Asks: 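Sharing a structure here in structure tokens format.
Just so you know, residue 1 is the first one in the sequence shown, and it goes up from there. Each ligand, and each atom within it, is numbered from 1 in the order the structure gives. Since we're looking at a predicted model, the values are computed, not measured.
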Amino acid sequence: MSTIKRQQIAAGNWKMNMNYNDGLALAQALVDQNPANNGAHMVLGVPFIHLKGVADIIAGADHIHLAAQNCSEHEKGAYTGQISVDMLNSVGADYVILGHSERREYNAESNALLASKTDRVLAAGLIPIFCCGEALNIREAGTQNAFVANQLQESLFHLSAEDFGKIVIAYEPIWAIGTGVTASPAQAQEMHASIRALIADQYGDEVAEATTILYGGSVKPANAVELFGQPDVDGGLVGGASLKADGFTAIYNAFPAE
Ligand code: PGA
């Protein structure tokens with residue numbers, strides 16, 4: 001995929017849920033319930049072993065796309081258990097989720113490592129969905145904007161403007177992930193505007209305006225309309241609520257008319 005414009009995206013992050021058959025059934029239900037392209041992209045972030053099967057199911061739906069949840073920073077070789085971007089490409093992935101807070105925490109993924117993975121994903125022609133976001137203690141200290149700015153600086157701001165223009169950003173406050181506590185629409189908007197301003201400083205207004213910035217953290221059918229209605233919120237990265245076809249379909253249809 002080449003440079004993308006600002007795009008409404010409802011991205012599901014299945015995490016380590018769904019066995020193969022249940023995952024394929026969910027993908028099929030989403031295809032069945034969302035036959036029409038409403039202008040937004042639905043992205044399914046599935047476990048590695050589901051990628052090819054889901055790719056086959058969504059093949060006829062040009063509004064439904066496929067994401068991996070991680071990749072190796074290495075090109076290929078003796079890295080037992082790792083998955084390369086070339087492998088992801090060969091099964092039809094369009095996106096790779098990078099730097100999810102669970103990977104940062106449980107797999108010690110650093111900003112520097114994520115810079116390498118970002119380069120690898122872009123070189124393969126895939127689109128990174130780059131996750132950033134602060135823990136509760138940082139939010140309580142009021143330093144969340146500086147914290148997120150540092151994540152972007154250390155992992156993304158080495159990119160050329162052209163390459164940066166291909167990135168999707170997902171702001172996911174850690175205190176809102178899987179907790180049922182959602183950032184208020186005002187909190188999400190404030191951080192998204194701050195991220196966009198940072199991008200404008202680094203790459204100019206045109207790139208900043210074209211950047212897709214998703215919100216993640218307890219997005220549900222009940223709050224998606226208000227969140228997606230914020231001017232700088234271009235969609236969501238959705239964990240728990242992406243595991244049910246009805247609920248994720250409602251979220252996919254929560255965008256304001258363009
Ligand atoms: P959640 O997860 O929607 O279950 O809070 C979001 C995420 O981790 O991407």
Side-chain angles (χ1 to χ4, degrees), residues 7-18 22-23 26-27 30 40-48 50-51 54 65-71 93-109 114 117-118 121 127-136 138-139 144 147-148 151-152 155 167-185 187-188 191-192 195 212-228 230 233-255:
Q7 170 69 51
Q8 294 176 328
I9 296 176
N13 175 10
W14 293 4
K15 307 190 180 183
M16 198 174 74
N17 293 296
M18 298 276 158
D22 291 345
L26 174 59
L30 287 166
H41 284 183
M42 178 184 285
V43 175
L44 306 183
V46 308
F48 289 132
H50 296 60
L51 285 166
V54 172
H65 300 264
L66 193 59
Q69 300 174 10
N70 179 36
C71 67
D94 304 304
Y95 295 87
V96 184
I97 299 170
L98 289 180
H100 191 282
S101 60
E102 287 150 17
R103 292 207 57 85
R104 290 176 186 266
E105 183 177 351
Y106 307 137
N107 300 82
E109 294 202 352
L114 292 167
K117 291 193 178 193
T118 300
V121 169
I127 300 171
I129 298 177
F130 182 86
C131 302
C132 56
E134 81 286 356
L136 184 58
I138 292 168
R139 169 71 53 170
Q144 65 271 13
F147 181 85
V148 168
Q151 288 181 317
L152 300 186
S155 296
I167 303 262
V168 170
I169 291 179
Y171 168 60
E172 299 207 303
I174 297 169
W175 45 272
I177 294 177
T179 58
V181 181
T182 315
S184 69
Q187 284 174 319
M191 178 61 86
H192 284 225
I195 290 171
T212 301
I213 309 177
L214 310 180
Y215 166 78
S218 298
V219 176
K220 307 262 181 287
N223 57 31
V225 170
E226 214 187 337
L227 284 164
F228 294 0
Q230 302 303 309
V233 177
D234 303 312
L237 180 57
V238 186
S242 73
L243 298 174
K244 295 254 162 52
D246 291 357
F248 195 50
T249 293
I251 291 169
Y252 176 64
N253 287 292
F255 289 100

Asks: Under 4.0 angstrom from ligand 1, any heavy atom of A176?
Replies: yes
Asks: Report yes or no: does a heavy atom of H100 sit under 4.0 Å from some atom of ligand 1?
Replies: yes
Asks: Checking the N or O distance criterion of under 3.5 Å, is ligand 1 in contact with I177?
Replies: no
Asks: Just to check, does G178 reach to within less than 4.0 Å of ligand 1 when the distance is taken from its heavy atoms?
Replies: yes
Asks: Please report the interatomic distance CZ(F228) to CG(D234), rounded to the nearest 0.5 Å.
Replies: 10.0 Å
Asks: Without hydrogens or angle criteria, can the side chains of Y252 and Q8 be said to hold a donor-acceptor pair below 3.5 Å?
Replies: no
Asks: Just how far is it from atom NE2 of H100 to atom OH of Y106, taken to the nearest 0.5 Å?
Replies: 9.5 Å
Asks: Can you pull out the closest protein heavy atom to atom 4 (O) of ligand 1? Residue, atom name and distance to 0.1 Å, please.
Replies: G240 N, 2.9 Å
Asks: With the side chain counted from C-beta on, respond yes when V46 and L66 share a heavy-atom pair under 4.5 Å apart, and no when they do not.
Replies: yes
Asks: Would one find an N or O of T179, backbone or side chain, under 3.5 Å from an N or O of ligand 1?
Replies: no
Asks: Quick one: look up the protein heavy atom nearest atom 3 (O) of ligand 1 and list residue, atom name and how far away it is.
Replies: G239 N, 2.8 Å
Asks: For S218, counting its heavy atoms only, list the atoms of ligand 1 lying under 4.0 Å from any of them.
Replies: 1 (P), 3 (O), 5 (O)
Asks: Which value, rounded to the nearest 0.5 Å, describes the distance between I177 atom CD1 and S101 atom OG?
Replies: 3.5 Å
Asks: Atom NZ of K220 and atom CZ of F248: how far apart are they, to the nearest 0.5 Å?
Replies: 12.5 Å
Asks: Angle class for the H50/W14 ring planes (parallel below 30°, perpendicular above 60°, tilted otherwise)?
Replies: perpendicular
Asks: Identify the closest protein heavy atom to atom 7 (C) of ligand 1: which residue and atom is it, and at what distance?
Replies: E172 OE2, 3.2 Å
Asks: If you count the atoms of ligand 1 from 1 in the order shown, which ones are under 4.0 Å from a heavy atom of N13?
Replies: 9 (O)
Asks: Between atom OG of S242 and atom NZ of K15, what is the distance when rounded to the nearest 0.5 Å?
Replies: 8.5 Å
Asks: Using heavy atoms and a 4.0 Å limit, tell me yes or no: is G217 in contact with ligand 1?
Replies: yes
